[in-house]
Student: 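Take this structure first; my questions come after.
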2 protein chains.
Amino acid sequence: MAGIDDVAQAAGVSTATVSRALRGLPNVSEPTRLRVLAEAARLGYVPTPSASSLATGRTRTIGLLTPWVNRWFFANVIEGAERALRDLGYDVLLYTFDVRRTAARRRVDPSVLRHRVDGTLVVGLPLDDDEVRSLVGLGRPLAFVGSGPADQVTVRLDDVATGRAATQHLLDLGHRVIGHVTGVPDLVSSWSPPVERSQGYAEALEGAGLARDPGLEVNGDFDVAGGRESTTDLLRRRPDVTAVFAASDEMAMGAILAARDRGLRVPEDLSVVGVDGHDLGELVGLTTIAQDAYQQGFDAALLLLDMINGAPVPESLTYPTELVRRRSTAPPRPVA
Amino acid sequence: MAGIDDVAQAAGVSTATVSRALRGLPNVSEPTRLRVLAEAARLGYVPTPSASSLATGRTRTIGLLTPWVNRWFFANVIEGAERALRDLGYDVLLYTFDVRRTAARRRVDPSVLRHRVDGTLVVGLPLDDDEVRSLVGLGRPLAFVGSGPADQVTVRLDDVATGRAATQHLLDLGHRVIGHVTGVPDLVSSWSPPVERSQGYAEALEGAGLARDPGLEVNGDFDVAGGRESTTDLLRRRPDVTAVFAASDEMAMGAILAARDRGLRVPEDLSVVGVDGHDLGELVGLTTIAQDAYQQGFDAALLLLDMINGAPVPESLTYPTELVRRRSTAPPRPVA
DNA sequence: ACCCCCCATGCAAGCGATTGCATCGCGCTG
DNA sequence: CAGCGCGATGCAATCGCTTGCATGGGGGGT
């Protein structure tokens, strides 16, 4: 209720001075500042954000674009980013875009963000060039988490290395017919993690002198259900498969379900390795390449704020991963 | 870049008419409206939200308060709510408050929301009376999901019945020494789900002629780690326990881990039942009382918008639950 | 002592919409 | 044919804060 004028009147100064005092600008004497602060607190004054946005052109809000919130990676990135931003006084506007609406996929329309955010964080959302261009066209800082175009600031893993490490783990155990469960390709821009993890998979196979076989690669939609369906399909077509590398833990869990559906034991009949370090991986005994999604979200938020403040930032940040060996991988059974 | 004035000039009308035409107000002739729409589209005009907020006093934004986003229930509610709100042209401002900061728990400070949202959705956040009062004091519609004070609009389960059903399932299987893993009580207001689920647990025991035993109830912090620790503790103190009712699936999964740590088999040595219908429940074979969190979030959002629009709303919505029997529960082993 | 400079403060013009009220035509009615 | 009423439109105040510029007063340098 109390506006800046009330505070000004109570403190016996002009609104300009109140504004300066409250924001800690210089050129306000200490006694005056204290008096203003005291009156503002007493009256419970809270500045109206739309008024100050209108006057300054900035919103102290950042937009978080993501396809989902109820998936391990996304939820953790969002939580990390939200925490960092809130601690620094920024609000978080959440926008979800379901990338699975394949037919008429809802395109990312940046006009919604215009005049509404000081910067945008794109979390694991594969965008085509037009979408990126229009986002850049907002003229506000932009950062990507998980994956992003080469010329934009991105916080991510080395996905090629990740795919290679997962596949190499299976190769080291002695597997030779290794399936790969990944994301849907036609919705995926050239720079999305599934593509790079697949590349790592291919490189590892090649390094072992094995030929890449398209019949071993299936699309798992990046969730449990998709991982299950596609692995079911794979196991039916290729009963010779002894191991599967899934590009996410959720798909890996789907793969385990598929194996179980078929009466196969994990890891005796089928080894499964995922990527993420999902909270429930231990429960399931899932071997995985673990990453810290929360930290990536947190750091990406800080990076974005640096950009907003005009500070120099690295063009990208690469995070470490760690192979976590659990019960879902083992050497293949000797051929009878 | 283009402001309302540019559109007005291009269409040869006043800004007032542009404003009316764009918002579909009456008293604008059809030819004029069409012309304005065309010019606005051509110029790529997007209204500045802060300006219209300042003028109207509303923000077309709603605040989503929640303790976490990376937990099954919360992530799904948030996703459902976000989808409903976006479809109706509302923005979502995400605020997380970690309730676990026990020492100096960050209190919910509604001043952050003042002048910033048209309504607030509180998701599974146990608040004390002061906090609720200050939220109400914002003078904006308020709705709760998961749990809420008796005099506020709430979307939720019948938690007492849920606790009763879970416990009854164990009783029906023949269990008589049933542990209970629930939330931390000192952070929990009188109306939080753990309290009511515990009450259901107690009622079911009583119905079976069993006395409630405080030594059987432990605090699991509502997550996997907490469920694991507290169940470990419980099993050590009370080796006679043959079944556990956990107030969430995540705690139930922790309980399974605890059993495994101790070399107990589930369900042969220990039956476990949870609440939620977590996506990964099937993988783990977890028996649970399932609910639809996404739908609750979706409907709560619609309810809140009705309140904003002055439409009459029910004072609360109660959702159905369903017992899903899986491998984690079975009759107790006959005593040797 | 005199000036100059700088610091603290106030004035008032925006920022970009919304909206109550006045105005302007026009067709209709008596 | 004059007057009336109503739909369409414009004018200008307003929302609450920020900020460039003007002002005034005090202290320090010479």
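These numbers were taken from a predicted model, which means no experiment stands behind them. The chains referred to below are lettered A, B, ... by the order of the sequence lines, with proteins before strands, and numbering in each begins at 1.
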Student: Calculate the interatomic distance between B/D5 atom CG and C/dG14 atom P; express it in whole Å.
Tutor: 13 Å

Student: Rounded to whole Å, please give me the gap between CZ in A/R60 and P in D/dC17.
Tutor: 16 Å

Student: Can you tell me if the side-chain N/O atoms of A/R58 get under 4.0 Å from OP1 or OP2 in D/dT18?
Tutor: no

Student: Please tell me which of B/Y45 and A/E30 maps to the more 5' nucleotide of DNA chain C, matching each residue to the nucleotide holding its nearest heavy atom.
Tutor: A/E30

Student: Grab the CD1-C1' distance between A/I4 and D/dC17 for me, whole Å please.
Tutor: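 Going from A/I4 (CD1) to D/dC17 (C1'), I get 6 Å.
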
Student: Whole Å only: how far is the CG atom of A/N27 from the P atom of C/dC5?
Tutor: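 Interatomic distance, CG of A/N27 to P of C/dC5: 18 Å.
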
Student: OP1, OP2 of C/dG10 versus side-chain N and O of A/T17: anything below 4.0 Å?
Tutor: yes

Student: Identify whether any heavy atom of A/V13 sits under 4.0 Å from a base atom; if not, whether one sits that close to sugar-phosphate; answer base, sugar-phosphate or nothing.
Tutor: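 Counting heavy atoms under 4.0 Å across all strands, the contact made by A/V13 is with sugar-phosphate only.
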
Student: Looking at A/L138 and A/T120, what are the two nearest heavy atoms and their distance?
Tutor: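 Scanning both residues, the minimum pair turns out to be CD1-OG1, 4.5 Å.
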
Student: Think B/S52 has a side-chain N or O under 4.0 angstrom from the OP1 or OP2 of C/dA17?
Tutor: no

Student: Please figure out whether B/A55 or B/R35 has its closest DNA chain D nucleotide nearer the 5' end.
Tutor: B/R35

Student: Are B/T48 and C/dA17 close enough that a side-chain N or O sits under 4.0 Å from OP1 or OP2?
Tutor: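 Yes, because at least one side-chain N or O of B/T48 sits under 4.0 Å from OP1 or OP2 of C/dA17.
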
Student: Does the side chain to side chain contact (heavy atoms under 4.5 Å, CB included) test come out yes or no for B/R156 and B/F144, once each step is laid out?
Tutor: CA-CA 8 Å; B/R156 56 172 308 171; B/F144 292 76; over 6 Å; no

Student: Return no unless some side-chain N or O of A/S29 is found under 4.0 Å from OP1 or OP2 of C/dA8.
Tutor: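 Indeed not, no polar side-chain atom of A/S29 lies that close.
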
Student: Quickly work out the A/R23 CZ to D/dC17 C1' distance and round it to whole Å.
Tutor: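 Taking atom C1' of D/dC17 as the reference, CZ of A/R23 is at 8 Å.
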
Student: Round to the nearest Å and state the distance from A/L54 atom CG to C/dA17 atom P.
Tutor: 9 Å

Student: Using only heavy-atom distances, determine whether the side chains of A/D299 and A/Y319 contain a donor-acceptor pair under 3.5 Å.
Tutor: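 Indeed, the side chains of A/D299 and A/Y319 share at least one donor-acceptor pair under 3.5 Å.
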
Student: State the dot-bracket string of DNA chain C. Criteria: Watson-Crick or G-U wobble, both atom distances under 3.5 angstrom; notation: ( ) intrastrand, [ ] crossing earlier pairs, | interstrand, . unpaired.
Tutor: ||||||||||||||||||||||||||||||

Student: Would you say the side chain of A/Y95 lies within less than 4.5 Å of the side chain of B/D91, judging by non-hydrogen atoms?
Tutor: yes

Student: Any salt bridge linking B/R35 with B/E39? Criterion: basic side-chain nitrogen under 4.0 Å from a carboxylate oxygen.
Tutor: no

Student: Taking NE2 from B/H115 and P from D/dC15, how many angstroms apart are they, rounded to a whole number?
Tutor: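 Distance, rounded to whole Å: 13 Å.
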
Student: Decide yes or no for B/L65 and B/V123: does some side-chain heavy atom of the first lie under 4.5 Å from some side-chain heavy atom of the second?
Tutor: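 B/L65 does not reach B/V123 side chain to side chain.
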
Student: Is any side-chain N or O of B/T32 closer than 4.0 Å to OP1 or OP2 of D/dT9?
Tutor: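 Answer is yes, contact under 4.0 Å.
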
Student: Would you say the base of D/dG7 and the side-chain of B/R20 have a donor-acceptor pair closer than 3.5 Å?
Tutor: no

Student: Between B/T56 and D/dC15, is there a contact of a side-chain N or O with OP1 or OP2 at under 4.0 Å?
Tutor: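 Looking at the OP1 and OP2 atoms of D/dC15, neither is under 4.0 Å from any side-chain N or O of B/T56.
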
Student: Flag the pair B/D128 / B/E131 as yes when at least one side-chain heavy-atom distance between them is below 4.5 Å, and no otherwise.
Tutor: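 The answer is yes, as the side chains (C-beta and beyond) meet within the 4.5 Å cut-off.
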
Student: I need the CZ-P distance between B/R33 and D/dG7, as an integer number of Å.
Tutor: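 The answer, rounded to whole Å, is 15 Å.
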
Student: Going by heavy atoms in the side chains, are B/R83 and A/T96 under 4.5 Å from each other?
Tutor: yes

